[in-house]
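The basis for the numbers below is simple: all heavy atoms, side chains too, and nothing from hydrogens, waters or symmetry mates. We count ligands from 1, going down the list as the structure has it; atoms in each ligand are counted the same way.
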Amino acid sequence: MPAVPLSHNDPITKISKIGAKRAELYKKLGVVTVGDLLELFPRSYIDYTTPTAIKDAVPDEMNVLLVTVTRKLMPARIRKGMTVYKLVVTDGESDMTVVIYNSQYMFDRMSVGEDYRLYGKITFSGRKAEMSSPLILKGDSDELIQPVYPLTEGLSQAMLRLSVREALERMSDISDTLPQDIKQQNGLCASRYAYENIHFPKDNHALEIARERLIFEELFMLTLGMQLIKRRSRKQNGYALKYASLRPYLDSLPFELTSAQLRSINECISDMKSGCPMNRLLQGDVGSGKTAVAAACAYVLSQNGLQTALMAPTEILANQHYKTLCGFLNPLGVSVCLLTGSLPQKDKESIRNEIESGRFMVAVGTHALFQDSVSFRKLGLVITDEQHRFGVNQRARLAGKGSNPHRLIMSATPIPRTLALMVFGDLDISLIDELPKGRMTIKTYGISGKRRESMFGFVRKELDSGRQAYIVCPAIENSESDLRAVKKYAEQVSESYLKGYKVGLLHGKMSAAEKDGIMSRFESGEIQALCATTVVEVGVDVPNATVMVIENAERFGLSQLHQLRGRVGRGKWQSYCVLVSDSMSDECRHRMEIMAKESSGFRISEEDLRLRGPGEFFGSRQHGLPKMKLADMATDIAVLQKAQLSAERLVKSDPTLSKPEHRFLLQGVMELFDKGNDL
Ligand code: ADP
Ligand code: MG
């Protein structure tokens, strides 16, 4: 067959033996073009390079052997349609029987006196070794590392290998996306070499080189995309603040701001004076006082006749922010309103009108704030709280409201710096790395479930002295037997340990109105102990609460435990966090020790990263970054840093990627970020 050259965008039906039907199967794997096929990376490899001796092989596990066939036995037909073929092989030291079911083809391919590499599960009965249905490679084969692809029913490894091989051979030109100088600076191989060796590695070293290049490329595209977004927003015009006198605000606050809070406020103000839209992440541990920074910004905006919108992820939080902002801003003559989905239609209507008229300078709310029917008179600043759950794309979309409002994103998730750069690479970062003075550290204990009774004795003592408590359970209803379900728990506790006390129940399946009702009864002190799921994780502020009990503590990540713990220790009393777990495994014990010892969210998140890897963070796709094919944030952080550096340099020299040698880069970045919608 004359080998017509293939190109990246050709449909895979141009490859031999792929017709319309098989193309449908490939589509299930996300493969439509020849280029897609090349990017269908093996999910693992079978490595025949280092055979073991039969006597050293691990029983019942996969082993690679290098053997010579010494004898072929007579095929035995054990029943209709089932023939067993056996061969005796040796590795020069011991013998082994190879059993092949029903494949005369395989049997015929093996000859006495010839060498083969086998890959299969070995079993020993007495001294007799046996391997059933191994994968077989000719002894002189030089393809000792074989790719294993993700499959779908109807496709086999053999078919995929053939097709990928053909694609590689017929592609005359595998375009090299990375510019020469970037490859050189980072010691990366050429694109063709990378694709050839990621699919059919010459040896393990070549595979490493190929992987490094492809992972670099992925992360490079990602960070390049982030930088382009960042640059684009810099190019736009934003409201340049003319007035920024903080004094009245500082004077009316009931406390003195920490220097980290002041620094953050000044960073925001200087951004907002610059004439470009601010695009800033405000990172600070729970309780570090981000809201006071947000309020300062809103205050300064109002001096300039500009409105501020503050968006929270839940109604509970929106309510809370509303109250806090009223407290900070109303005395200064700045009017604040609350707009959430659960308000009666009539109220929403009138609030919307007054936002539009400009009577309300600050609007607090949930997503409802960003429905099309809400229009602001002059929206200058959008603040979003706990925003890591919104992706890059959404961040870009949000900016579309108003005419390039400034944006401030508040996050209490203390992401280690490298990861923050990754997820928020399109933002500038302010860090509140200091807690308000006089905060007492929260005393933290890890206990086994056996001590629940005495723990509740302690809880009762706190309630008796007028304080309040949270009790967090991982589940709402009984799903897994060993998980505490909050509904039942609340019931049981109010009839036993906390009989006579006012116990409340809060979980995510309740309506917004119900949740708000419970929260305000807890805030007013009417409810003494609140049994809740992790809906209380984010931002809730009840200073009178001094005890946080967390059941099934082993089920939560360290960072999440830290967030939960941050719900207490907000008032003037010593606060406590009790982690309860029935499974006191070593790992669990270790985690509890970390919690007891560490009070800094950043150090805890670094521990978390070390213990569990960033899978938690990156696996959930909460970050909203494009999906990676090869790169793994857990192991590729060093490559990520190199890629970030190179991307920064490149954007400096060619900010719009308009040079001809950067054509493929631009294309690649656009594809990665959803066809360039957001670039
Ligand atoms: P977070 O950063 O977790 O959102 P908040 O803004 O809710 O923290 O602040 C936590 C508590 O600390 C609030 O009750 C707030 O009024 C108080 N607070 C904020 N800044 C200071 C400060 N500089 N000194 C004392 N208390 C402060
Ligand atoms: Mg907060």
Any donor-acceptor pair under 3.5 Å linking the side chain of [X] with the backbone of [Y]?
X    : Y    : answer
H406 : Y239 : yes
R247 : S245 : no
D428 : R280 : no

Could you tell me which atoms of ligand 1, counted from 1 in the order shown, lie closer than 4.0 angstrom to a heavy atom of [X]?
X    : value
E256 : 22 (C), 23 (N), 24 (N)
T258 : 23 (N)
R570 : 3 (O), 7 (O), 10 (C)
G287 : 1 (P), 2 (O), 3 (O), 8 (O), 10 (C)
T291 : 4 (O), 5 (P), 6 (O), 7 (O)
L257 : 23 (N)

Per-pair distances, 0.1 Å, donor-acceptor, side chain in residues 431-440, under 3.5 Å, sequence neighbours excluded:
| residue | atom | partner | partner atom | Å |
| --- | --- | --- | --- | --- |
| E434 | OE1 | S259 | OG | 3.1 |
| E434 | OE1 | A260 | N | 3.1 |
| R439 | NH1 | G287 | O | 2.6 |

Within less than 4.0 angstrom of ligand 1, does [X] place any heavy atom?
X    : value
Q320 : no
D285 : yes
S288 : yes

Between [X] and ligand 1, is there a nitrogen or oxygen pair with a distance under 3.5 Å?
X    : value
Q261 : yes
F255 : no
G284 : no

With no hydrogens and no angle check, just 3.5 Å: does a side-chain donor-acceptor pair link [X] and [Y]?
X    : Y    : value
E356 : S375 : yes
N544 : Q468 : yes
E554 : S581 : yes

Parallel, tilted or perpendicular, as decided by the 30° and 60° cut-offs, for the rings of Y576 and F458:
perpendicular
Take the angle between the ring planes of F255 and F328 and call it parallel below 30°, perpendicular above 60°, tilted in between.
perpendicular
My understanding is that we take every heavy atom of each candidate and find the minimum distance to atom 2 (O) of ligand 1. Doing that for R439, K290, Q283, which one comes out nearest?
K290
